[in-house]
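Both counts, for ligands and for their atoms, begin at 1 and track the order of listing.
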Amino acid sequence: MSVGTNRIGVYRVFSVTFVLFIATCGFAISQDEVRLIKISDSIYMTPTTGNAYLVVTPAGSVVIDTANTRDAPTARKLLGAEVRGPVKYIILTHGHADHIGGISLWKEGGTQIIAQRDHYEFVNYVTRLEGFFAPRNAASFGRPAPDVGQWAGNYGAKIEPTIFFDDRYQFTLGGIEFDLFSTPGETPDHLMVWIPAYKTAFIGDNYAGAGIPEPMSFPNIYALRGTKPRWALDWISSIDRVLALKPEVVLSGHGEPIIGNQEITRRLTRFRDAIQYVHDEVVKGMNAGKDVFTLMQEIKLPARYDLSEVFGKVSWSVRGIYDGYAGWFDTNPASMYEVPVSAVYPDLVKLAGGPDPIVRMALQKLESGRPVEALHLTDVVLAYDPKNSSALEARLKALHSLREHCENYVEEGWLEYGITKAKERLDSK
Ligand SMILES: [Zn+2]
């Protein structure tokens, strides 16, 4: 998804002039739009699908994130023109594919690659479940599902880093100090790179929203393609760690640079407080004995946080936090067993005297503005007759109606996925 227009801004920060040619970037930025952005005399950026950065020093260069495999050659070419001396370090803010795809393009004989310790398990987890994640990633972003080769095993990921650290790692290159901190959030292996001399923090995807300019989005504390729990309290502490350094420049894994401590504090504080609010409301609701669906309906982000839900949806995060803490059991004894509720759907259809009354009810639900209930009713009929055309047509109507009012592009991807699947079934009749 390509978002927004290009912007040009001129910023003066602590007596250094920053000229930023800011191309806003989404998850699928066109290669023609990618250009080199000079943050300062020592820091450069390419806003590809994932931002890649180059820091130059008198003794060599440091690369921070490398984009995905598709965009990495563009990032390499543009940033490569500014490289000074050998590439001494490649630092990975986290193990997501849109940040680690270009390592081989930068690696030289003496290059050290640095990651936080949890990178090892994180990339193995992603590789271990590649056959599960590949079609879900494709559906999330409206892409065709790729072929997945043979299972690589539980520990089959290619491990690129040569240096791992737990909480903190420091090095100096060309007189410039680099201070790395563990900052779990969107992933457990997140790290922040802090360069005190430039008051600049590279924070990966812990403040993201896919590069969409303000109003920024609430994050995905749970991502629909499937994630382990993203621990909200860790994420909050990690943002506090960034703020405690009083940065003047924050550079994220997606989106534009944030310049000036006042603006950084305003945005990150609001983002942190929104996560804290949702987390605490879930915890309060859990302690009060409320079920997850009640909390998904009840918890709304107060207007004071001024965050959209174009990237992360609060209701998904509510469920992510709830399930992260509690796991899958909902206290209903029927849920203890391997027989799903859908096992009795065909019986309901028989009781109704066939699919037609249920399809009619689905259409009535749709007309009265309850498309999700309409979808559930088509599930009942399709469990009885998977190719029932009137149920599939009602389903398509419900999905189209949801898509029409959808403002979240991950949700849109999954609705498109549902539309494609329903059409396939209709066409295969
Ligand atoms: Zn990313």
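- Here His99 reaches the Zn ion (ligand 1): one of its N/O/S atoms is less than 2.8 Å from the metal.
- The pair Arg241-Asp167 counts as a salt bridge, with a side-chain nitrogen and a carboxylate oxygen less than 4.0 angstrom apart.
- Taking 2.8 Å as the criterion, His96 does not count as a coordinating residue of the Zn ion (ligand 1), since none of its N, O or S atoms falls below it.
- By the 4.0 Å N-to-carboxylate-O rule, Glu393 lies too far from Lys397 to be salt-bridged with it.
- For OH of Tyr337, the number of neighbouring non-hydrogen atoms (other residues, nucleotides, ligands) closer than 6.0 Å is 12 at most.
- Looking only at N/O/S atoms, Asp98 comes nearest to the Zn ion (ligand 1) through OD2.
- The Zn ion (ligand 1) has an N, O or S atom of Asp205 inside 2.8 Å of it.
- Look at Glu281 and Lys300 and you find no salt bridge, because none of the NZ, NE, NH1 or NH2 atoms lies under 4.0 Å from a carboxylate O.
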